[in-house]
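In what follows, a single structure is set out as structure tokens and then discussed.
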Amino acid sequence: MSLQQDIMIAMKAAMKTKDQTALSALRAIKSELLLAQTETGSKEEISEEQEIKILSKLVKQRKDSAAIFTEQNREDLAEPELAQAEVISQFLPAQLSEAEIEKVVVDIIQAVGAEGMKDMGKVMGMVNKKLAGQADGKTISTIVKAKLA
């Protein structure tokens with residue numbers, strides 16, 4: 001079943017249970033997917049890789065907003081953002097632990113023969129491609145910097 005079909009099923013369930021937070025998050029996903037699909041001008045569905053990028057972007061936006069609201073002591077605004085991020089995260093692949101990310105980073109560093117910070121871009125590109133949607137870019141960056149330093 002495609003992601004868009006999964007979203008529609010989840011939207012129907014959220015409407016039946018009157019879960020406004022989930023419904024808002026699901027509508028945001030549907031909107032972004034439709035925008036991405038019409039952007040290319042094709043009638044075909046977008047690729048799974050693009051779907052993961054869109055979902056990751058939406059989760060990151062929600063978490064960034066929640067962090068800003070928390071910083072400004074606005075918990076009333078931060079909580080719905082975090083709740084929406086949770087709903088969106090359900091449609092992403094399972095996130096890897098730091099130990100699993102570290103293992104992938106070490107393997108790629110050895111495969112590429114990276115020797116220092118000058119090779120960080122090359123390593124980051126390969127790691128991001130391999131772990132698309134399974135790890136946060138900030139976490140990957142921190143681990144790569146630690147290993148190359």
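Please read these numbers as outputs of a predicted model, since none were measured by experiment.
Between atom CD of residue Gln90 and atom CD1 of residue Ile29 there is a gap of 8.5 Å, rounded to the nearest 0.5 Å. Note that CG of Leu148 is 12.0 Å distant from CD1 of Ile143, once rounded to the nearest 0.5 Å. Considering OG1 of Thr17 and NZ of Lys12, their distance stands at 14.5 Å, rounded to 0.5 Å. To the nearest 0.5 Å, atoms CZ (Arg74) and CD (Glu79) are separated by 12.0 Å. The CG atom of Leu23 lies 11.0 Å from the NZ atom of Lys18; values are rounded to the nearest 0.5 Å. Separation of atoms CE (Met126) and CD1 (Ile109) is listed at 11.0 Å; rounding is to 0.5 Å.
More than 12 heavy atoms of other residues, nucleotides or ligands shown are found within 6.0 angstrom of NZ on Lys118. Environment of CD in Gln95: crowded, with over 12 heavy atoms of neighbouring residues, nucleotides or ligands closer than 6.0 Å.
Nearest approach of Thr21 to Pro80, heavy atoms of both residues: CG2-O, 4.0 Å. Considering every non-hydrogen atom in both Leu92 and Ser56, the closest pair reads CD2-OG, 3.7 Å. When all heavy atoms are compared, the tightest approach of Ile88 to Ala25 is CG1-CB, 4.0 Å. Of all heavy-atom pairs spanning Gly137 and Met124, the tightest one is O-CE, 4.3 Å. Val59 and Ala85 get closest at one heavy-atom pair: CG2-O, 3.9 Å. Scanning both residues, Ile52 and Pro93, for their nearest heavy atoms gives CD1-CG, 3.9 Å.
Both Met15 and Val87 sit in one connected hydrophobic cluster of ILVMFWY residues. Membership requires side-chain heavy atoms under 4.5 Å apart, directly or through other members. Hydrophobic cluster membership differs between Leu82 and Phe69, with clusters built from Ile, Leu, Val, Met, Phe, Trp and Tyr side chains linked at under 4.5 angstrom. Residues Val123 and Met117 are members of one and the same hydrophobic cluster, defined by side-chain heavy-atom contacts under 4.5 angstrom among Ile, Leu, Val, Met, Phe, Trp and Tyr. In the hydrophobic cluster analysis, where Ile, Leu, Val, Met, Phe, Trp and Tyr join through side-chain heavy atoms closer than 4.5 angstrom, Ile108 is grouped apart from Val106. Under the 4.5 Å side-chain heavy-atom criterion for Ile, Leu, Val, Met, Phe, Trp and Tyr, Leu58 and Leu3 are members of the same hydrophobic cluster.
Side-chain contact between Ile46 and Ile54 is present, with heavy atoms from C-beta onward closer than 4.5 Å. The shortest side-chain heavy-atom distance between Leu96 and Leu131 falls under the 4.5 Å cut-off. Contact check for Glu100 versus Gln134: no side-chain heavy atoms found under the 4.5 Å cut-off. Put simply, the side chain of Lys63 does not reach to within 4.5 Å of the side chain of Glu81, judged on heavy atoms. Under the 4.5 Å side-chain criterion, counting only non-hydrogen atoms from C-beta, Leu35 is in contact with Ser31.
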Discussion item. Before you tell me yes or no, could you show the steps for Ile7 and Met11 under side chain to side chain contact (heavy atoms under 4.5 Å, CB included), namely the whole-Å CA-CA distance, both residues' side-chain angles and the distance that decides it to 0.1 Å?
Written reply: CA-CA 6 Å; Ile7 299 299; Met11 279 179 67; 4.1 Å; yes

Worksheet item: Where do Lys57 and Glu32 land on the side chain to side chain contact (heavy atoms under 4.5 Å, CB included) test, with the steps shown first?
Response: CA-CA 10 Å; Lys57 182 182 89 172; Glu32 286 292 323; 3.3 Å; yes

Practice prompt. Output, in order, the C-alpha distance, side-chain angles, deciding distance and verdict of side chain to side chain contact (heavy atoms under 4.5 Å, CB included) for Glu49 and Lys53.
Written response: CA-CA 6 Å; Glu49 184 178 300; Lys53 280 184 181 178; 4.3 Å; yes

Discussion item. Run Ser141 and Met120 through side chain to side chain contact (heavy atoms under 4.5 Å, CB included) and show every step you take.
Written reply: CA-CA 9 Å; Ser141 174; Met120 183 170 174; 3.7 Å; yes

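A distance-only check finds a donor-acceptor pair linking the side chain of Gln50 to the backbone of Ser47 [under 3.5 Å]. Checking side-chain atoms of Asp119 against main-chain N and O of Lys122 turns up no donor-acceptor pair under 3.5 Å.
Arg62 has no carboxylate O lying under 4.0 Å from a charged side-chain N of Glu86, or vice versa, which leaves the two without a salt bridge.
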